[in-house]
Amino acid sequence: MSDPLIKILQADITLQNTEAIVNAANCSLLGGGGVDGAIHRAAGPELLEECRGIGGCPTGEARITKGYRLPAKYIIQTAGPVWRGGERDECRLLAQCYQNCLRLAEKYNIENISFPSISTGAYGFPIQKASKIALEEITNFIKSQTTVKQVFIVTFSSSDTGVYIAAQEDFDQH
Ligand code: AR6
């Protein structure tokens, strides 16, 4: 049974008022397009300044910054894998993104967090596979003793929302 504390929501993640939002960034952490661009625009230039001091983030890892002008107090920055056909450890690396973001959330006593659909935009990760990985990793994590009590998966398009809802229904049946 999928956890009732995981909610799929179609929205702009920059407007989420959870304590933390996750950014699907790249290894440089210096901004880009997609959700990364939207987060940098909404958070303001102080975010880029803090990111410059971090010195990057290897694929699958996560780093935390302040939220600046966002409603969220923190942004957990992660670099998802670029999809290269599935033989380059992409699934394991995407699972690590979710695990490492949640570990960092726990370390900061964060109770609620919003994730975008990591890697499924510019990085080309097939969303059906990615949605299963996201649900599996988040469910496993919040089953353990953790400060994290509520997780939103924030999708942007209605077709992506449909994929995540179907994945959640499928998850419930297994
Ligand atoms: N709120 C929620 N989701 C969004 C928003 C938003 N405001 N904007 C886009 N999405 P992508 P990736 C969705 O490409 O595949 C960047 O240039 C979007 O529809 O943002 O991990 C980085 O700097 C898609 O479903 O991230 C990296 O270079 C999802 O967010 C690279 O793209 C992820 O798409 C990372 O690629």
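What's counted below: heavy atoms across the whole structure, side chains too, no hydrogens, waters or symmetry copies. Whatever order the structure lists ligands and atoms in, that order sets their numbers, starting from 1.
- Atoms NZ and CD1, from K73 and I21 in turn, are 15.0 Å apart once rounded to the nearest 0.5 Å.
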Pair up each side-chain donor or acceptor in residues 123-133 with any protein partner under 3.5 Å, not counting sequence neighbours, and list the distances.
{"residue": "S131", "atom": "OG", "partner": "I127", "partner atom": "O", "Å": "3.0"}
{"residue": "S131", "atom": "OG", "partner": "Q128", "partner atom": "O", "Å": "2.9"}

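- Between F115 and Y98, the gap from one ring centroid to the other is short of 6.0 Å.
- No path of Ile, Leu, Val, Met, Phe, Trp and Tyr side chains, each step under 4.5 Å between heavy atoms, connects I142 with V154, placing them in separate hydrophobic clusters.
- Under the side-chain hydrogen bond (donor to acceptor under 3.5 Å, both in side chains) criterion, the residue pairs touching residues 19-37 are N23-D36, N23-Q77, N26-S28, with sequence neighbours excluded.
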Would you be so kind as to tabulate the donor-acceptor pairs closer than 3.5 Å made by side chains of residues 48-55, with sequence neighbours excluded?
{"residue": "E50", "atom": "OE1", "partner": "K66", "partner atom": "N", "Å": "3.1"}
{"residue": "E50", "atom": "OE1", "partner": "Y68", "partner atom": "OH", "Å": "2.7"}

Between ligand 1 and the protein, tabulate every N or O atom pair separated by less than 3.5 Å, reporting distance only.
{"residue": "ligand 1", "atom": "1 (N)", "partner": "I13", "partner atom": "N", "Å": "3.0"}
{"residue": "ligand 1", "atom": "7 (N)", "partner": "D12", "partner atom": "OD1", "Å": "2.9"}
{"residue": "ligand 1", "atom": "14 (O)", "partner": "A122", "partner atom": "N", "Å": "2.8"}
{"residue": "ligand 1", "atom": "15 (O)", "partner": "S119", "partner atom": "O", "Å": "3.4"}
{"residue": "ligand 1", "atom": "15 (O)", "partner": "T120", "partner atom": "N", "Å": "3.4"}
{"residue": "ligand 1", "atom": "15 (O)", "partner": "G121", "partner atom": "N", "Å": "2.8"}
{"residue": "ligand 1", "atom": "15 (O)", "partner": "A122", "partner atom": "N", "Å": "3.2"}
{"residue": "ligand 1", "atom": "15 (O)", "partner": "Y123", "partner atom": "N", "Å": "3.1"}
{"residue": "ligand 1", "atom": "17 (O)", "partner": "G33", "partner atom": "N", "Å": "2.7"}
{"residue": "ligand 1", "atom": "20 (O)", "partner": "V35", "partner atom": "N", "Å": "2.8"}
{"residue": "ligand 1", "atom": "21 (O)", "partner": "S119", "partner atom": "N", "Å": "2.8"}
{"residue": "ligand 1", "atom": "23 (O)", "partner": "N26", "partner atom": "ND2", "Å": "2.8"}
{"residue": "ligand 1", "atom": "23 (O)", "partner": "D36", "partner atom": "OD2", "Å": "2.7"}
{"residue": "ligand 1", "atom": "25 (O)", "partner": "D160", "partner atom": "OD2", "Å": "3.3"}
{"residue": "ligand 1", "atom": "28 (O)", "partner": "N26", "partner atom": "ND2", "Å": "3.3"}
{"residue": "ligand 1", "atom": "28 (O)", "partner": "Y123", "partner atom": "OH", "Å": "3.3"}
{"residue": "ligand 1", "atom": "34 (O)", "partner": "G121", "partner atom": "N", "Å": "3.4"}

